[in-house]
Asks: 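Please find one structure pasted underneath; my questions will follow.
All of these numbers come straight from a predicted model, not from anything done at the bench. Both backbone and side-chain heavy atoms feed into the values below; hydrogens, waters and symmetry mates do not.
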Amino acid sequence: MVRPASPLLPITSAQGIHIVSTIKPINAISSPHPLDLHITAFALPSLSAMATSHTDSAVNVEGVSEHTPPYDGRKTEHPLHILIIGCGMGGLAAAHCLGKAGHKVTVFEAASAIGEVGAGIQVTPNVSRLLRRWGAGDALEAVGVRPEALVLRRYATGERVGYTRWSDMEDQYGAPYHHVHRADLHKMLFDLAAPYMTLRLKAAVVSVDPDAPSITLASGEVVHGDLILGADGVKSLTQRVVLGHTNPAEPTGDAAYRAIIPSSLLASDPELKELVDTPEMTGWMGPGRHVMGYNIRRKQEYNVVLLHPDDDSVESWSAEGSADKMRADFADYEPRVRKILSFVTSTLKWRLMDRKPLQTWIHPSYRVVLLGDACHPMLPYRAQGAAMAIEDAAVLGNLLSRLTSPTQLKPLLQAYEDLRLPRTAETQRQSRLNQKIFHLPDGPEQEQRDADMRRAAEAELKRAAHEQRVHREAGNANQWADEDKNVAQFGYDADEAVERWWKEGGEKLTNAAGAAIRT
């Protein structure tokens with residue numbers, strides 16, 4: 001039986017009990033509240049299932065973050081109470097990093113249970129190096145799949161036109177590339193954050209006062225803190241507070257289907273078996289549409305994402321789509337794709353909207369700041385959405401571990417924006433570019449794209465056959481065959497970026513701001 005992608009996978013205990021039922025409420029803030037949940041490593045159940053009945057998750061990194069030294073043993077000398085709005089990937093990563101830096105963290109989540117959608121996600125070297133540093137490397141290896149290569153194919157024939165070897169990612173960029181289930185990555189980040197956060201569920205934030213600073217919940221309760229971090233996604237309330245308006249969303253013209261298929265169905269078919277035996281990310285490019293497929297969960301599941309012209313869908317991770325309509329949309333694709341789609345009985349579908357980079361991520365009060373999709377939502381064509389949010393969290397935690405007085409908050413938050421905004425804006429640009437490259441109509445431009453990709457693929461295969469290091473071609477239509485882009489994207493180390501800033505003038509700037517309070 002095919003298990004459709006799930007719109008919400010609540011984290012459950014081995015007995016199937018939701019976390020929210022197993023944690024005792026405490027008085028975490030100024031007044032008692034029945035939904036104040038202080039999450040600690042010893043209070044958590046052993047969470048081995050992610051509401052996926054046929055495959056148990058091997059993710060368990062409970063308590064490991066307490067044994068990894070933060071920032072070379074450095075912690076803030078001026079702890080803040082930081083209110084984080086949103087318990088997604090970015091919010092949890094921020095809770096971990098800021099908690100490790102010595103700050104008090106309260107996370108507010110509107111949902112009644114913690115979970116993630118059922119879909120695959122790509123953990124690229126710029127993120128896997130952080131997860132390793134935080135103690136989650138073994139868990140990542142346990143549930144992930146290291147893809148051997150990226151292969152790009154013609155939609156109708158399956159002919160290979162693009163190829164980039166990924167099996168040497170760790171040698172090239174110092175950390176591996178993994179394909180994982182989103183719920184498994186979310187669980188890792190939850191475990192890492194757990195010892196450092198007070199988590200409040202059913203705590204929808206309806207307004208933010210940037211001057212107090214404080215947030216107001218749907219219940220009417222007002223919660224005060226020292227800094228508010230908006231990790232509240234693409235429809236961010238916090239963004240409206242920071243900007244004074246909402247950054248407009250522009251339709252891309254695309255929507256996406258998502259589905260997960262048991263890999264056993266592919267492995268038992270002679271035509272599809274290779275897709276499991278040789279774990280690659282395979283893309284089929286066609287006019288106005290493309291398909292991406294890859295293995296997750298130790299090659300027990302196969303994740304499929306299908307980009308296609310939008311037909312009045314909605315911008316939602318949990319909206320259901322029609323499997324029959326999906327198959328009709330890709331009826332002209334090669335037999336292997338049609339066979340894979342024949343296994344799908346249900347699918348999720350979401351509309352892809354684009355948003356331009358913001359001018360700022362920080363409110364003028366320097367008491368409200370944005371992170372992740374709230375300030376740089378990514379289109380999926382470059383597979384860097386969660387990666388950018390996790391990098392944001394790492395940079396912010398490292399910077400605020402250096403806080404020694406309240407007057408230093410402004411330069412440190414400004415450094416966060418200065419370090420992160422240009423990088424995320426460039427990643428957004430590359431994502432938009434891939435949409436155009438993958439969806440070219442048949443004709444001269446498509447033929448030139450394919451010839452460009454083939455040239456890089458031939459050099460890559462020669463390199464692999466002779467174990468040679470060949471410099472990948474800059475500007476290739478296959479952006480993963482562009483060495484300059486790979487180094488910039490995958491070789492990035494969030495902590496090293498902060499260290500460079502500190503040594504190149506950040507320390508002097510921060511210390512000067514701290515000295516101002518003493519004069």
Side-chain angles (χ1 to χ4, degrees), residues 1-9 50-55 57 115-122 143-145 147 153 155 158 179-186 254-269 271-276 279-286 288-311 313-352 379-381 383 385-386 438:
M1 178 179 179
V2 175
R3 179 178 60 76
S6 170
L8 179 65
L9 299 179
M50 301 295 291
T52 50
S53 57
H54 75 286
T55 306
S57 170
E116 252 296 344
V117 295
I121 191 168
Q122 301 184 51
V143 298
V145 175
R153 300 182 180 277
Y155 71 103
H179 287 148
V180 303
H181 194 292
R182 288 187 67 94
D184 291 339
L185 179 57
H186 193 267
D254 280 359
Y257 295 109
R258 291 179 287 115
I260 293 176
I261 303 164
S263 296
S264 58
L265 293 174
L266 281 69
S268 62
D269 186 298
E271 291 184 339
L272 304 178
K273 187 173 183 293
E274 183 183 9
L275 296 174
V276 179
E280 298 170 331
M281 184 166 80
T282 304
W284 289 267
M285 303 178 295
R289 295 164 294 156
H290 79 277
V291 178
M292 284 290 180
Y294 53 84
N295 292 275
I296 57 175
R297 286 191 163 164
R298 305 178 302 281
K299 299 203 297 186
Q300 294 182 15
E301 295 177 352
Y302 195 76
N303 181 74
V304 185
V305 184
L306 306 99
L307 285 295
H308 62 98
D310 182 33
D311 52 1
S313 53
V314 295
E315 189 181 25
S316 169
W317 278 89
S318 58
E320 290 190 11
S322 165
D324 289 337
K325 176 68 164 58
M326 175 192 67
R327 281 186 280 272
D329 286 344
F330 292 86
D332 56 346
Y333 272 54
E334 66 143 312
R336 290 186 299 173
V337 173
R338 300 201 303 270
K339 189 173 289 188
I340 290 170
L341 300 188
S342 73
F343 298 138
V344 179
T345 58
S346 178
T347 182
L348 298 177
K349 178 181 177 182
W350 89 102
R351 188 184 197 188
L352 299 179
L379 294 172
Y381 309 102
F438 291 164

Asks: Quick one: pull up CG in Asp332 and CZ in Arg289 and give me the separation to the nearest 0.5 Å.
Replies: 4.5 Å
Asks: In Å, rounded to the nearest 0.5 Å, how long is the span from CD of Glu280 to CG of Leu275?
Replies: 8.0 Å
Asks: For Gly158, is there any backbone N or O sitting under 3.5 Å from a side-chain donor or acceptor partner on Arg153?
Replies: yes
Asks: Which residues pass the side-chain hydrogen bond (donor to acceptor under 3.5 Å, both in side chains) test with Tyr302, not counting sequence neighbours?
Replies: none
Asks: Quick one: list whatever passes side chain to side chain contact (heavy atoms under 4.5 Å, CB included) with Ser268, sequence neighbours left out.
Replies: none
Asks: Output all residues satisfying side-chain hydrogen bond (donor to acceptor under 3.5 Å, both in side chains) with Asn303, sequence neighbours left out; order by chain, then residue number.
Replies: Tyr294
Asks: May I ask you to decide if Tyr333's main-chain N or O and Arg338's side chain share a donor-acceptor pair within less than 3.5 Å?
Replies: yes
Asks: Quick one: closest heavy-atom pair of Ala323 and Ser346, and the distance?
Replies: CB-N, 4.2 Å
Asks: Test of understanding: with side-chain hydrogen bond (donor to acceptor under 3.5 Å, both in side chains), list the residues that count as partners of Glu334, not counting sequence neighbours.
Replies: Trp284, Arg336
Asks: Give the minimum heavy-atom separation between Thr347 and Arg258, together with the two atoms involved.
Replies: OG1-O, 2.8 Å
Asks: Rounded to the nearest 0.5 Å, how far does CH2 of Trp350 lie from CG of Asp310?
Replies: 12.0 Å
Asks: With the side chain counted from C-beta on, respond yes when Val304 and Val344 share a heavy-atom pair under 4.5 Å apart, and no when they do not.
Replies: no
Asks: Can you give me the closest heavy-atom contact between Pro380 and Leu307, atom names plus distance?
Replies: CG-CD1, 4.4 Å
Asks: Once rounded to the nearest 0.5 Å, what's the spacing between atom CG of Asp269 and atom CD1 of Ile340?
Replies: 9.0 Å
Asks: Can you sort out the partners of Val145 under side chain to side chain contact (heavy atoms under 4.5 Å, CB included), two or more places apart, ordered by chain and number?
Replies: Pro279, Asn295, Lys299
Asks: With Ala386, which residues qualify under side chain to side chain contact (heavy atoms under 4.5 Å, CB included), at least two apart?
Replies: Met89, Ile121
Asks: Excluding sequence neighbours, so at least two apart, what forms side-chain hydrogen bond (donor to acceptor under 3.5 Å, both in side chains) with Glu271?
Replies: Lys339
Asks: For Lys325, enumerate each residue passing the side chain to side chain contact (heavy atoms under 4.5 Å, CB included) test, keeping only those at least two apart in sequence or located in another chain.
Replies: Tyr257, Asp311, Ser322, Asp329
